[in-house]
Amino acid sequence: MPELPEVENVRLGLTRLIVGKTVQKVTTDWEKILIGGALHFNQALKGATIEKIDRRGKYLLIRFDNDVTLVSHLRMEGKYQLALSQDDPAPRFWHVALTFTDGSQLRYLDMRKFGRMQLVKTGSEETVVPGLAKMGPEPTPETFDADAFYQTIHKRKAPIKSVILDQTVVAGVGNIYADESLWLSQLHPAQPASTITKKEARLLHDSIIAELQKAIRLGGTSVHSFVDANGQRGAMQDQLHVYDREGTPCDRCGTTIVKIKVGQRGTHFCPHCQKLRKRKVR
């Protein structure tokens with residue numbers, strides 16, 4: 001699933017490609033993706049011009065000049081491509097198209113058809129869209145408070161990996177960057193969150209911010225099928241320390257990286273650098 005850095009790179013690409021374009025029509029061959037249906041999308045978007053594109057967590061927010069926002073969640077395999085002409089050959093697995101008045105066409109591709117698009121009044125998305133209503137802070141120095149983060153995780157008995165995957169705790173962290181941030185912090189993924197010390201919480205907080213910012217700069221991680229809006233793969237996969245590296249030596253100590261399940265999620269860590277302890281260190 002695309003995580004925050006991947007979605008941010010899609011946002012940056014789409015900003016360059018489609019801001020200023022005016023919608024002529026919306027078409028689909030899998031109407032379930034469009035919450036409310038194709039007729040609703042056409043009635044709301046025909047003649048509307050894209051003003052800007054924002055992001056919240058893993059959601060794209062495409063803002064139109066008629067006070068409508070298209071909220072898009074890519075889920076597992078969703079991606080966007082811009083065709084310069086609607087007559088260009090359609091790629092495999094495309095299911096939604098926004099055709100613009102200049103003849104170009106934004107195509108949404110989704111092999112699994114899990115992605116969803118919803119239209120809301122601009123400014124209401126955090127009350128109307130369930131996934132946005134309780135979303136935690138963006139992982140930036142300005143919005144992600146270290147003390148508040150410690151107070152939140154200190155109350156949770158679940159494994160620390162499961163806690164930082166919770167989008168109400170911090171926005172945008174997924175499986176890849178959870179594993180990487182925990183490796184940077186030398187914390188075992190299954191360590192009960194309530195046993196994390198304040199010093200460890202600060203290090204994890206800082207590692208989450210640093211890792212996501214680095215991934216954004218490198219264009220995201222393309223370990224599976226991710227490409228940005230220009231069809232380009234990211235480069236962060238070449239910088240990963242533990243994710244998808246089971247059986248290889250740890251970059252820090254040389255111990256073999258292992259893979260386990262934490263909260264039903266495949267989880268990678270170094271058993272030497274990231275030791276599991278039962279209680280909080282005093």
Non-hydrogen side-chain atoms of Ser194 and Ile153 separated by less than 4.5 Å: no
Polar side-chain atom of Asp65 near backbone of Ala48 as donor-acceptor pair, under 3.5 Å: no
Closest non-hydrogen atom pair, Lys155 against Gln151: CG-O, 3.4 Å
Distance-minimising heavy-atom pair for Ile196 and Tyr150: O-CE1, 3.5 Å
In one Ile/Leu/Val/Met/Phe/Trp/Tyr side-chain cluster, 4.5 Å: Tyr80, Val19: yes
Side-chain heavy-atom pair Ser72, Leu74 within 4.5 angstrom cut-off: yes
Reported OG1-to-CG distance for the pair Thr27 and Leu98, which is rounded to 0.5 angstrom: 8.0 Å
Inter-residue atom distance Lys259.NZ - Arg245.CZ, 0.5 Å rounding: 14.5 Å
Exercise: identify the closest heavy-atom pair between Pro91 and Trp94: O-CD1, 3.1 Å
Check: Arg11 side chain, Ile53 main-chain N or O, donor-acceptor pair, under 3.5 Å: yes
N/O donor-acceptor pair under 3.5 Å between Gln24 side chain and Thr99 backbone: no
Any donor-acceptor N/O pair, Glu31 side chain to Asp29 backbone, under 3.5 Å: no
Worked verdict on Phe64 versus Leu70 for side chain to side chain contact (heavy atoms under 4.5 Å, CB included): CA-CA 8 Å; Phe64 290 86; Leu70 190 161; 4.0 Å; yes
Candidate pair Lys161 and Leu187, rule side chain to side chain contact (heavy atoms under 4.5 Å, CB included), full reasoning: CA-CA 9 Å; Lys161 178 176 178 180; Leu187 289 170; over 6 Å; no
Gap between atom CE of Met117 and atom CG of Leu60 - 0.5 Å precision: 9.5 Å
Option from Asp54, Thr122, Thr49 for which side-chain hydrogen bond (donor to acceptor under 3.5 Å, both in side chains) with Arg63 holds: Asp54
Donor-acceptor contact below 3.5 Å, side chain Glu180 vs main chain Val242: yes
Same cluster (ILVMFWY, side-chain, under 4.5 Å), Leu184 and Ile257: yes
Under 3.5 Å donor-acceptor, Ser162 side chain and Ala158 backbone: no
Nearest non-hydrogen partners of Glu246 and Val258, listed with the distance: CB-C, 4.2 Å
Lys214 atom NZ, neighbour heavy-atom count above 12 within 6.0 Å: yes
Flag side-chain contact, heavy atom, 4.5 Å: Phe100 against Leu82: yes
Val96/Arg107 under side chain to side chain contact (heavy atoms under 4.5 Å, CB included): CA gap, chis, key distance, verdict: CA-CA 6 Å; Val96 178; Arg107 294 165 173 175; over 6 Å; no
List, one per line, each side-chain donor-acceptor pair under 3.5 Å for residues 38-45, sequence neighbours excluded.
| unit_1 | atom_1 | unit_2 | atom_2 | d |
| --- | --- | --- | --- | --- |
| Asn42 | OD1 | Val26 | N | 2.8 |
| Asn42 | ND2 | Val26 | O | 2.8 |
| Asn42 | ND2 | Ala38 | O | 3.0 |

Closest non-hydrogen atom pair, His272 against Cys253: ND1-SG, 3.7 Å
Side chain to side chain, Val169 and Phe149, heavy atoms closer than 4.5 Å: yes
Sub-6.0 Å ring centroid separation between Tyr108 and His95: no
Output a table of donor-acceptor pairs, distance under 3.5 Å, between side-chain atoms of residues 201-213 and any protein atom two or more places apart or on a different chain; print 'none' if there are none.
| unit_1 | atom_1 | unit_2 | atom_2 | d |
| --- | --- | --- | --- | --- |
| His205 | NE2 | Phe144 | O | 2.6 |
| Ser207 | OG | Ser185 | OG | 3.2 |
| Ser207 | OG | Leu203 | O | 2.8 |

Test side chain to side chain contact (heavy atoms under 4.5 Å, CB included) applied to Phe269 and Asp179, step by step: CA-CA 7 Å; Phe269 74 103; Asp179 283 0; over 6 Å; no
Heavy-atom check, side chain of Tyr59 versus side chain of Val129, under 4.5 Å: yes
Point-to-point distance, once rounded to the nearest 0.5 Å, from CG of Leu240 to NE2 of His268: 10.0 Å
Side chain to side chain, Asp147 and Lys198, heavy atoms closer than 4.5 Å: yes
Verdict with supporting geometry, Glu126 and Arg56, salt bridge (charged side-chain N to carboxylate O under 4.0 Å, His left out): CA-CA 9 Å; Glu126 295 203 3; Arg56 181 75 170 97; 3.1 Å; yes
Main-chain N/O of Pro192 paired to Thr195 side chain as donor or acceptor, under 3.5 Å: yes
Lys25, NZ atom: more than 12 neighbouring heavy atoms under 6.0 Å: no
Backbone N/O of Arg277 and side chain of Gln191: donor-acceptor pair under 3.5 Å: yes
Donor-acceptor under 3.5 Å (Arg75 side chain, Phe114 main chain): yes
Donor on one side chain, acceptor on other, Lys121 and Thr69, under 3.5 Å: no
Shared hydrophobic cluster for Val7 and Leu61 (ILVMFWY, side-chain gaps under 4.5 Å): no
Any donor-acceptor pair under 3.5 Å from Glu138 side chain to Gly57 backbone: yes
Closest non-hydrogen atom pair between Ile160 and Leu182, with its separation: CG2-CD2, 3.8 Å
Residue pair Lys21, Asp102: steps toward the salt bridge (charged side-chain N to carboxylate O under 4.0 Å, His left out) verdict: CA-CA 8 Å; Lys21 290 181 180 287; Asp102 65 0; 2.4 Å; yes
Beyond-backbone contact of Ser85 with Ser104, side-chain heavy atoms, under 4.5 angstrom: no
Hydrophobic cluster identity match, Ile164 and Tyr243, side-chain contacts under 4.5 Å: yes
Spacing of CD belonging to Glu51 relative to CD1 belonging to Ile62, to within rounding of 0.5 Å: 13.0 Å
NE2 on His73 to NZ on Lys58, rounded to 0.5 Å: 6.5 Å
Val10 with Leu17, same ILVMFWY side-chain cluster at under 4.5 Å: yes
Sub-4.5 Å side-chain heavy-atom contact between Val120 and Val71: yes
Test item: side-chain donor near acceptor, Thr127 and Ser124, under 3.5 Å: no
